[in-house]
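Working notes, beginning with the structure itself.
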Amino acid sequence: MLPEDRKAEGIIPDLSVRDNIALAALPRLSRAGLVSDARIDELVATFIKRLSIKAASPHQKVRDLSGGNQQKVVLARWLCTEPKVLLLDEPTRGIDVGAKTEVQGLVADLARQGLAIVLISSEMEELVGGSSRIVVMHDGATVGELHGDQVTETGLTSALAHGGVGV
Amino acid sequence: MSALTLDRVRGGDWTRWLRDNGVYVAVVGLVLFNAVATSNFMTVDNFRTQLIQASPVVVVALGMALVIGTEGVDLSVGAVMALAAALVPLYLGYGLAGAVAVVLVGGLLAGLINGSLVAFVGVQPIVATLALFVGGRGLALVLADGQLKSVSDPTLINLGSGSLFGLPYIVLSAVVVSILVGFLVRRTTFGRQLVAVGGNRRASELSGLPVRRTLLATYVLCSLLAALAGLLATARLRASDPSSIGLLYELFAITAVVVGGTPLSGGKVRVLGTIAGALLMQLIDATLIKHNISDSWSQMAQAVIILAAVYVQLGRRGSGS
């Protein structure tokens, strides 16, 4: 679950990159309530490399990272838990173009590796580029659904129009 | 952009260093000052006295540091100490073990009340703990019939006055508590989760952390430590005096924590800083007393130090984001 509002709901600004990444997986990384630093360091190093998180060190505070890297930290936090389904709420909102492409690439990679991803986005290219199925929702109800070949910008626009959603 | 960030960090370096290490510098400075300016200061006996007096504050302050780490505060610690003190003579008849057990149960209940109000009802910590702050001492006075009762249990008196290898039991207790709390904060899942909850509660919830359980456990620990401090104070006084035991301890504890560099905004627990903070307040007190300066001056000195500590923290926040 990658929340929409990264600063308020995602990162813990004053904790280090390492502690932020290890947060959700803590119970799996400890024995009898005792934290294993060696295992955390190993796991964190893997994910910093895999998501190419740019931080001076794993001990740097997350608040000092760029938005894109903060987002990757939150993503890494969940990947540590080896999830089967990942819920991404506006994963590229408010991060720079380079990081955006990187995060989108990562998400595509994860999907290829067999992870089920629910992507919530208000950006049409992101949706069309990254989805195999799109559900259009309006006021809490499903108003349209696109599969396979229908997943195009035009298809999405018409689905929005039919659903009575103003864009 | 990155150059700007760097400059900002460098500008904040000085305040950051002061915030992290100021308390140690102050303790060392004050010891050095007294070594020169105060007669009979550098004696084993004096250090022993200072440590004994600081010990209950250290115990309470460490619990407070945990609570403050969750972005909370516990105003009831002094009242819980009084409650513990009132319970001791009532149950000493069942032996010291019985009395200690009842004291700890009392602390547990107090912590459950505070913690439930904060974690489950969602009351702000300052208001939630205000209830016991006001009511706790009242209850203690009712339990004790408003009287000072001297205790004569030899084990308890030995706990208050005896020592092991020259280290008084009271100081030893504070050392043990310090090690345990330090271990808790650094090495356990609970410690990491506590700090995360204090750093960003919403994010911790969304990350699947047991936020409420963590909060409840934190308040319970704080009250248990306060109850222990109440027991130690009773042992040292050789009497249960609920009207004076633990009085103003909530303020001493908060001061020690804040001066020790734990931010009131939570997300961080500084164990060594808190201990140093408690020692610093004790040293200031002792220094002023030994130079025949009245207690009221000592209180004002403490106020200045609190303001300075809070100012240093504000400076950091200003340059941090």
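Only this structure's heavy atoms are used, side chains among them; waters, hydrogens and symmetry mates stay out. Keep in mind it's a predicted model, so treat the numbers as computed, not measured. Within every chain, numbering begins at 1; the chains are lettered A, B, ... in the order of the sequence lines, protein sequences first and strands thereafter.
- Put simply, the side chain of A/D14 does not reach to within 4.5 Å of the side chain of B/K268, judged on heavy atoms.
- The environment of CG in A/L34 is crowded: more than 12 heavy-atom neighbours from other residues, nucleotides or ligands sit within 6.0 Å.
- Each of A/G33, A/S36, A/A24, A/S30 has some count of heavy-atom pairs under 4.5 Å with chain B, and the biggest count is that of A/G33.
- Rounding to the nearest 0.5 Å places OG of B/S207 at 8.0 Å from CG of A/N20.
- Of the possible donor and acceptor atoms, one in the side chain of B/N200 sits under 3.5 Å from a partner among the backbone N and O of A/I11.
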*Determine, stepwise, if the pair B/R187 / A/D37 fulfils side chain to side chain contact (heavy atoms under 4.5 Å, CB included).*
CA-CA 8 Å; B/R187 309 279 328 155; A/D37 275 326; 2.8 Å; yes

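- Heavy atoms only, all atoms of each residue included: A/G10 and B/A203 are closest at O-CB, 3.3 Å.
- For the pair B/L206/A/E9, a side-chain contact is recorded, criterion being any heavy-atom separation below 4.5 Å from C-beta on.
- Residue A/R28 qualifies as enclosed at atom CZ: its count of foreign heavy atoms under 6.0 Å is above 12.
- Of the inter-residue distances, the one linking B/L209 atom CG with A/L26 atom CG reads 7.0 Å to the nearest 0.5 angstrom.
- From B/R192, atom CZ reaches atom CG of A/L29 across 10.0 Å, with rounding to the nearest 0.5 Å.
- Taken to the nearest 0.5 Å, the CG atom of A/L23 stands 11.0 Å off from the OG1 atom of B/T189.
- Using a 4.5 Å cut-off on side-chain heavy atoms (C-beta onward), A/V35 and B/F190 make no contact.
- Heavy-atom contacts from other residues, nucleotides or ligands closer than 6.0 Å to CD of B/Q124 number 12 or fewer.
- Within a 6.0 Å radius of CD in A/E153, other residues, nucleotides and ligands contribute more than 12 heavy atoms.
- When each of B/G199, B/A196, B/G198, B/S204 is checked for heavy-atom pairs under 4.5 Å with chain A, B/A196 comes out on top.
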